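Worksheet: one structure, shown below.
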Amino acid sequence: MHSRPQPEAALHSSRRHFLTGAAAVAAAAALPGFARTSFAAAPAAKRLIDVHHHFEPSGKNKDGNAWTIEMSLDQLDRNGVTTAIAYAGPLFASEPQAARKGARETNEFSTKLCNDHPGRFGLFASLPMNDVEGSLAELAYALDVLKADGIGLSTQYGPAWLGDPKFEPVFQELNRRKAVVYVHPAEAPCCTPQSLTYEKDPLSTAWIE
């Protein structure tokens, strides 16, 4: 007895369900720290992860408006998101001690929010990238002590792009640890809304970058 061929629409539907399930398993496996517990416990239809989420240690967003963790939780709930992996953002301080202090405070602040809301948030830790020695120290602290899910980077740090040779020790250590790395787009000093004639809403220079 021969099996009856499935209609093309049914085949596409089955393929979508398979790929969705496979992606969910892969995503869960890739989350080493805060995020995995919530993701694994959620029903399959609800397993959504937001990997572009921001904590705001200053209590204000980039537009200067107030930000609270309750606002983040409300945003997740309204959009059916199980877990958000937060990145507080790049650190541009040029003075090494200030950059190191900023990274440590940012990562500890973010870790507390993750611990206060188990399973709802993961963390891509920030590094003071222009201070390579400080970045290596903070990378170890973030992954070994704070148990961050990965490291967050910006596409550029002032005049230095991620391909700058000075960053090589950081990337070697990330590779040695097989760390998850998230790269956030950012406007480069050379390419701002004032200097680019082709920037049109909703495509910003950060996304062009």
Side-chain angles (χ1 to χ4, degrees), residues 23-42 47-58 69 72 76 81-158 160-186:
V25 171
L31 298 174
F34 300 111
R36 185 182 294 178
T37 302
S38 173
F39 191 84
R47 293 176 179 176
L48 299 179
I49 297 179
D50 172 11
V51 295
H52 188 159
H53 196 88
H54 290 286
F55 286 157
E56 302 292 346
S58 69
I69 192 62
S72 276
L76 300 188
V81 176
T82 306
T83 300
I85 315 299
Y87 173 47
L91 300 160
F92 295 106
S94 58
E95 200 281 312
Q97 291 305 317
R100 294 182 188 191
K101 183 174 184 289
R104 182 60 54 89
E105 290 178 350
T106 293
N107 292 330
E108 290 184 339
F109 168 86
S110 299
T111 297
K112 183 178 186 306
L113 293 182
C114 292
N115 289 333
D116 287 347
H117 304 277
R120 296 312 305 274
F121 298 104
L123 175 62
F124 290 134
S126 299
L127 301 180
M129 282 292 281
N130 281 315
D131 172 12
V132 172
E133 184 179 338
S135 290
L136 291 170
E138 190 61 26
L139 189 161
Y141 181 75
L143 296 180
D144 296 339
V145 179
L146 299 182
K147 305 300 182 184
D149 295 282
I151 299 296
L153 299 177
S154 172
T155 48
Q156 53 81 31
Y157 291 86
W161 302 86
L162 286 183
D164 194 301
K166 74 178 183 179
F167 296 142
E168 183 63 20
V170 178
F171 283 109
Q172 286 182 354
E173 179 62 9
L174 290 168
N175 188 57
R176 186 188 72 80
R177 289 172 170 269
K178 297 180 172 60
V180 175
V181 177
Y182 168 78
V183 178
H184 188 285

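Computed over heavy atoms, backbone and side chain alike; hydrogens, waters and symmetry mates excluded. Every value quoted in this text rests on a predicted model; they were computed, and no experiment measured them.
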Just do the side chain to side chain donor-acceptor pair (under 3.5 Å) check on S72 and H53 with the steps written out, would you?
CA-CA 9 Å; S72 276; H53 196 88; 3.0 Å; yes

Taking it one step at a time, do Y157 and K166 satisfy side chain to side chain contact (heavy atoms under 4.5 Å, CB included)?
CA-CA 12 Å; Y157 291 86; K166 74 178 183 179; over 6 Å; no

List the steps and the verdict of side chain to side chain contact (heavy atoms under 4.5 Å, CB included) for W161 and F167.
CA-CA 9 Å; W161 302 86; F167 296 142; over 6 Å; no

Would you sort out whether I151 and V180 count as a side chain to side chain contact (heavy atoms under 4.5 Å, CB included), showing the intermediate values?
CA-CA 6 Å; I151 299 296; V180 175; over 6 Å; no

One pair to check against side chain to side chain contact (heavy atoms under 4.5 Å, CB included): F124 and V181. What are the steps and the verdict?
CA-CA 8 Å; F124 290 134; V181 177; over 6 Å; no

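In terms of heavy-atom proximity, L76 sits nearest to F121 at CD1-CE2, 3.8 Å. Taking all atoms of both residues into account, the shortest heavy-atom contact from V170 to S135 is CG2-CB, 4.0 Å. Annotation for P128 and G134: closest pair CG-C, 3.9 Å, computed over non-hydrogen atoms. Residues L136 and P169 approach most closely at CD2-O, 3.7 Å, considering heavy atoms. Nearest heavy atom pair, residue F109 against residue P57, reads CE2-CA, 3.5 Å. In plain terms, the two heavy atoms of A142 and A125 that are nearest each other are CB-CB, 3.5 Å.
Residue M129 holds its CE atom at 5.0 Å from CG of L153, rounded to the nearest 0.5 Å. To the nearest 0.5 Å, atom CD of residue E56 and atom CG of residue L113 are 11.0 Å apart. Taken from SG in C114 to CG in D149, the straight-line distance is 7.0 Å, to the nearest 0.5 Å. Remark: H117 NE2 to T83 OG1 distance equals 13.0 Å, nearest 0.5 Å. Separation of atoms CG (L123) and CG (L146) is listed at 7.5 Å; rounding is to 0.5 Å.
In this structure a side-chain-to-backbone donor-acceptor pair under 3.5 Å is present from R120 to T82. One N or O on the side chain of N107 and one on the backbone of A103 form a donor-acceptor pair closer than 3.5 Å.
Annotation: side-chain contact (heavy atoms from CB on, under 4.5 Å) contacts of Q97 (sequence neighbours excluded): E95, R100. Remark: D144 engages A140, R177 in a side-chain contact (heavy atoms from CB on, under 4.5 Å) (not counting sequence neighbours).
Put simply, the side chain of I69 reaches to within 4.5 Å of the side chain of F55, judged on heavy atoms. At a threshold of 4.5 Å between non-hydrogen side-chain atoms, the residues L174 and L139 count as touching. Taking 4.5 Å as the limit, some side-chain heavy atom of K101 sits within range of a side-chain heavy atom of E105.
Ring pair Y182/Y87 is perpendicular by interplanar angle, where above 60° counts as perpendicular and below 30° as parallel.
Around atom NZ of K112, no more than 12 heavy atoms belonging to other residues, nucleotides or ligands sit under 6.0 Å away. Dense packing is recorded around CD of E168, with more than 12 heavy atoms of other residues, nucleotides or ligands lying under 6.0 Å away.
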